[in-house]
Amino acid sequence: EVQIVESGGGLVQAGGSLRLSCVASGVTFDDYAFGWFRQAPGKEREGVSCISCRDGISGSTYYADSLKGRFTISSDNAKNTVYLQMNNPKFEDTGVYYCNADGVYYGGTYGTDHGDFWGQGIQVTVSS
């Protein structure tokens with residue numbers, strides 16, 4: 001059984017830092033692209049970052065424009081864990097963050113794919 005579990009969310013001040021973690025079990029970690037989606041209040045869920053997702057290249061990354069220069073995605077394959085380091089978060093980064101496995105990078109964005117796997121989501125609130 002595949003399990004995706006996020007942790008590390010909570011309340012953070014704008015300009016601070018926070019690190020989200022995503023642990024995957026029941027999958028061969030190296031075989032999958034992993035990514036983070038975000039759903040802000042009143043908005044649709046959007047892919048904001050992914051790793052090992054571009055052209056099948058291990059360690060390749062993608063960031064939505066709104067995150068570039070502030071957030072960093074990384075992985076520790078030995079721990080089956082993906083991280084999203086959130087530096088200098090802004091109020092508009094507030095939302096529920098979902099970890100995803102086996103999504104697809106296409107057309108310059110990261111999106112869902114048939115049969116992909118999801119965590120339960122974790123709330124991140126940035127206070128201004």
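Only a predicted model underlies this, so the values are computations on that prediction, with no experimental measurement involved.
Judged by the 6.0 Å distance and 45° axis criteria, Arg45 is positioned over the aromatic ring of Tyr98.
To the nearest 0.5 Å, atoms CG (Asn100) and SG (Cys50) are separated by 9.0 Å. With rounding to the nearest 0.5 angstrom, the OG atom of Ser49 is 7.5 Å from the CD1 atom of Ile51. Residue Cys99 holds its SG atom at 9.5 Å from CG of Leu84, rounded to the nearest 0.5 Å.
Sequence neighbours left out, not one pair with a member in residues 6-30 passes salt bridge (charged side-chain N to carboxylate O under 4.0 Å, His left out). The list of ring-ring contact (aromatic ring centres under 6.0 Å, His included) pairs with a residue in residues 10-50, not counting sequence neighbours, reads Phe29-Phe34, Phe37-Tyr110, Phe37-Trp118.
Here the shortest heavy-atom pairing between Gly103 and Asp116 reads N-CB, 4.0 Å. For Ser17 against Asn87, the heavy-atom pair with the smallest separation is CB-OD1, 3.4 Å. Pro89 approaches Phe71 most closely through the heavy-atom pair CA-CE1, 4.4 Å. Of all heavy-atom pairs spanning Asp102 and Asp113, the tightest one is O-CB, 3.7 Å. When all heavy atoms are compared, the tightest approach of Cys53 to Ser60 is N-OG, 3.2 Å. Residues Gly59 and Ser52 share a closest heavy-atom pair of N-OG, 2.8 Å.
By the 4.5 Å heavy-atom criterion applied to side chains, Cys22 and Ile4 are counted as neighbours. For the pair Gln3 and Glu1, the minimum side-chain heavy-atom distance is below 4.5 Å. Between Met86 and Val124 there is a side-chain heavy-atom pair separated by less than 4.5 Å. Counting only heavy atoms from C-beta outward, the side chains of Gln39 and Tyr97 never approach each other to under 4.5 Å. For the pair Gln85 and Leu18, the minimum side-chain heavy-atom distance is 4.5 Å or more. Side-chain atoms of Thr109 and Tyr62, non-hydrogen and from C-beta on, do get closer than 4.5 Å to each other.
Of the possible donor and acceptor atoms, one in the side chain of Arg54 sits under 3.5 Å from a partner among the backbone N and O of Thr61. A donor-acceptor contact shorter than 3.5 Å is absent between the side chain of Ser66 and the backbone of Ala64. Side chain of Asp55 to main chain of Ile57: no donor-acceptor pair is present (N/O by atom type, distance under 3.5 Å, no hydrogens or angles).
Looking at residues two or more places apart in sequence or on another chain, you find a side-chain hydrogen bond (donor to acceptor under 3.5 Å, both in side chains) between Arg70 and Asp93. Considering only residues two or more places apart in sequence or on other chains, Lys43 meets the salt bridge (Lys or Arg N to Asp or Glu O under 4.0 Å) condition with none of them. Applying the salt bridge (Lys or Arg N to Asp or Glu O under 4.0 Å) rule to Asp31 yields no partners; only residues at least two apart in sequence or on another chain are considered. Glu92 pairs by the salt bridge (Lys or Arg N to Asp or Glu O under 4.0 Å) definition with nothing, not counting sequence neighbours.
By the rule that hydrophobic residues join a cluster once side-chain heavy atoms approach within less than 4.5 Å of another member, Leu20 and Tyr63 end up as members of one cluster. Connection of Tyr105 to Leu67 is not established within any shared hydrophobic cluster, with ILVMFWY side chains joined at heavy-atom distances below 4.5 Å, either directly or through further cluster members. Tyr83 and Val23 are assigned to two separate hydrophobic clusters, defined by single-linkage of ILVMFWY side chains at heavy-atom distances under 4.5 Å.
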Practice problem: Show your working on side chain to side chain contact (heavy atoms under 4.5 Å, CB included) between Ser127 and Leu11 and close with a plain yes or no. | Solution: CA-CA 7 Å; Ser127 62; Leu11 178 66; 4.2 Å; yes

